[in-house]
Number of protein chains: 2
Amino acid sequence: MGGPSPVPARSRGNLTINDVARVAGVSKKTVSRVINRETQLKARTREHVEGVIAMLGYTPNPQARALALGRNFLIGLVHDNPNAQTVMSVQQGILEALRDTEFEMIVRPLDRGSPTMLDEFRDFIERQRLFGVVLMPPISENDMLARLCEEAGCRYVRMGSTALDTPDRMVASNDREGVRTATDYLIGLGHRRIALIAGPQGFRSARERRMGFEQALGDAGIALPSSWVAEGDYLFGSGVAAAERLFALEPRPTAIFSCNDEMAAGAIHAARAQGLDVPGDLSVIGFDDNPIAAHMWPPITTVRWPIASMARSAALKLVFERSQDGADEPSLFLSTLIRRGSVGTPR
Amino acid sequence: MGGPSPVPARSRGNLTINDVARVAGVSKKTVSRVINRETQLKARTREHVEGVIAMLGYTPNPQARALALGRNFLIGLVHDNPNAQTVMSVQQGILEALRDTEFEMIVRPLDRGSPTMLDEFRDFIERQRLFGVVLMPPISENDMLARLCEEAGCRYVRMGSTALDTPDRMVASNDREGVRTATDYLIGLGHRRIALIAGPQGFRSARERRMGFEQALGDAGIALPSSWVAEGDYLFGSGVAAAERLFALEPRPTAIFSCNDEMAAGAIHAARAQGLDVPGDLSVIGFDDNPIAAHMWPPITTVRWPIASMARSAALKLVFERSQDGADEPSLFLSTLIRRGSVGTPR
DNA sequence: TTGTAGGCGTTATCAC
DNA sequence: GTGATAACGCCTACAA
């Protein structure tokens with residue numbers, strides 16, 4: 001009050017471990033032991049120091065910890081996924097797991113096509129001394145990233161459409177089963193001329209989903225001419241194009257399974273442009289349960305995989321040591337068929 | 001080769017400023033000066049040290065810098081925006097600006113309704129010693145966040161639908177003008193019975209867009225009964241509900257302006273459910289140019305604001321000092337009308 | 001223009 | 001069990 005204060009603005013939050021040690025009447029190392037939950041401490045001492053910490057409102061300085069430990073309390077999210085909703089769901093899941101912990105999430109998109117991609121990734125995890133990373137599909141399928149993590153002493157968990165790694169480093173959905181169930185549903189309704197809009201080659205999810213589709217048809221004794229498979233790139237426009245190719249088939253398919261919702265939306269778009277009624281003339285099933293699926297007309301029947309839950313488990317696996325809170329996190333997640341208006345019986 | 005190496009894994013990336021100093025034959029302070037681009041250095045010395053740095057592939061340790069400087073090289077993205085595509089566009093813009101810099105992006109959603117929101121925010125920027133934050137709408141409208149940033153010595157730039165702060169701390173779109181243009185378009189086509197699906201109260205963007213709508217109607221001498229305004233919450237479902245209320249009006253509106261695309265999609269959904277043809281019976285314009293707008297049938301005419309560009313400028317303002325590279329970044333961004341298939345002449 | 005000493009806040013080492 | 005002392009890698013202040 002009157003003139004600039006000579007006291008640095010450390011009224012709160014700028015307490016150091018020394019302040020705690022002084023008030024508690026112990027050495028800073030003892031405080032450090034309390035913070036790091038080390039075992040060989042007299043219970044009485046621990047409780048006393050914890051009381052002082054709570055009273056003062058002290059929190060350790062992350063920068064100093066990072067320097068001393070050679071490791072930051074940051075979890076990286078590495079992705080090259082073009083689907084905004086998917087990425088946001090993953091972020092939400094990770095942040096939910098990290099809530100009320102000392103960890104923060106740092107996001108890094110990677111360009112799968114770039115020749116410097118691996119170097120960028122290594123620099124990223126090494127320079128930031130990341131505690132761990134969550135690898136999103138499809139780039140999680142690249143084994144080199146996992147290897148670089150190991151070399152850098154950076155923990156990792158991969159997300160994928162099938163198991164690509166050991167359970168403690170993996171959360172997987174069962175895309176193949178999900179698609180098989182969806183295809184069985186179409187077959188059960190009486191469809192026999194069922195076409196596929198496949199995902200791009202080189203994507204494991206595309207392969208898994210396609211296999212589920214082919215297995216279902218095979219088990220039912222239904223043939224699948226190669227012309228009944230149109231490949232897309234998971235984007236809306238490719239769904240339009242793929243559907244147009246499929247509509248030219250003679251006889252025309254009565255149903256289409258699309259390897260994701262965005263392409264399914266494109267297919268419905270194309271159907272409407274040709275005067276085809278969905279589901280009257282054509283049934284469509286997608287994959288993902290992207291919001292677009294619920295908002296299209298008709299709402300699209302789809303296969304839902306629990307993205308946020310998987311990401312949450314991934315982050316928990318990263319943060320908690322084995323045999324601790326996060327140890328029992330599942331590594332396999334089931335998808336479910338969501339029945340909406342885009343499927344009917346064949347005419 | 002044969003037995004564990006006693007040498008710590010510091011083959012690369014683990015070089016310190018001391019290594020550089022030794023090889024260059026200078027003191028570490030001199031190296032530090034080169035790193036921090038300080039001026040009072042002999043050009044010859046600088047070049048020599050830069051050469052050694054490049055040769056060694058040395059990069060400064062961010063943790064140590066953060067500790068010494070009391071400031072991290074992290075840019076926070078703070079948001080409470082429910083629209084996945086919007087958030088992803090902002091992330092993309094920020095990361096583009098941060099590419100090839102030493103900065104990383106750290107993401108923190110905030111719950112506008114939580115009583116501890118401000119405390120969480122303060123803890124976040126203080127504990128992490130953030131270099132700066134980008135505040136996304138609608139939470140960017142909260143002046144308290146800006147104040148807390150100032151107190152913590154954390155730079156900030158706010159994104160918004162109108163100027164809320166000084167130009168160096170603000171990137172704004174001109175929503176009001178954008179909506180006015182869109183509404184004029186409808187009027188020019190002959191529409192006179194034009195209804196509004198408004199955004200939620202308390203959102204500045206909702207207010208700006210509504211004002212633009214009302215101004216356009218007012219300038220054209222068209223009345224706007226209060227029953228012709230239906231409020232939504234920016235989500236799809238509320239667009240459906242709002243449209244249903246509007247369809248009950250007698251006479252029915254021939255056009256609807258919706259304050260965002262998601263609600264516009266809901267309105268089209270509702271129209272189809274009632275057997276109304278778009279644009280035959282009803283014209284619809286949205287706002288955002290969300291992907292859903294292009295993918296709906298018919299594709300939705302909308303107002304596009306340059307989200308990623310704004311976010312990129314915001315990050316550049318944060319990172320670069322005045323009168324430097326990022327100083328001339330604009331703080332006002334224009335929206336544009338994207339004409340698609342959801343608008344026609346009134347019947 | 002450059003170098004030396006000391007500090008940032010924490011953890012590791014090794015005595016006691 | 002607990003405490004001095006030395007790192008961790010960089011930057012600031014001040015001296016040369």
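Below, chain A is the first sequence line, B the second, and so on; all start at residue 1. Everything numeric in this text was worked out from a predicted model, so none of it was measured.
- A donor-acceptor contact under 3.5 Å is not formed by the side chain of A:Arg44 with the base of D:dG1.
- One finds no salt bridge joining A:Lys317 and A:Glu329 here, because no Lys/Arg side-chain nitrogen approaches an Asp/Glu carboxylate oxygen to under 4.0 Å.
- Using a 4.5 Å heavy-atom threshold, the side chains of A:Phe124 and A:Leu110 count as separate.
- A donor and an acceptor atom sit less than 3.5 Å apart, one in the side chain of A:Lys29 and one in the base of C:dA12.
- Of the possible donor and acceptor atoms, none in the side chain of A:Ser140 sits under 3.5 Å from a partner among the backbone N and O of A:Gly160.
- Across all strands shown, A:Leu67 has heavy atoms under 4.0 Å from base atoms, whether or not it also approaches the sugar-phosphate.
- Looking at which nucleotide of DNA chain D each of A:Lys28 and A:Thr45 is closest to, the 5′-most match is held by A:Thr45.
- Between D:dG9, C:dT11, D:dC11, one nucleotide has an atom nearer to the side chain of A:Ile17 than all others, and that is C:dT11.
- If you take CD of A:Gln63 and P of C:dT10, they are 10 Å apart, rounded to a whole angstrom.
- For the residue pair B:Asn83/B:Thr86, the side-chain donor-acceptor check at 3.5 Å is satisfied.
- Here the nucleotide nearest the side chain of A:Leu41, chosen from D:dT2, C:dG9, D:dC10, is D:dT2.
- Using a 4.0 Å heavy-atom criterion, one finds that B:Lys42 contacts the sugar-phosphate atoms exclusively.
- Taking atom CZ of residue A:Arg33 and atom P of nucleotide C:dT13, one finds them 12 Å apart after rounding to whole Å.
- With C:dT10, C:dG7, D:dA4 as the candidates, the nucleotide lying closest to the side chain of A:Arg65 is C:dT10.
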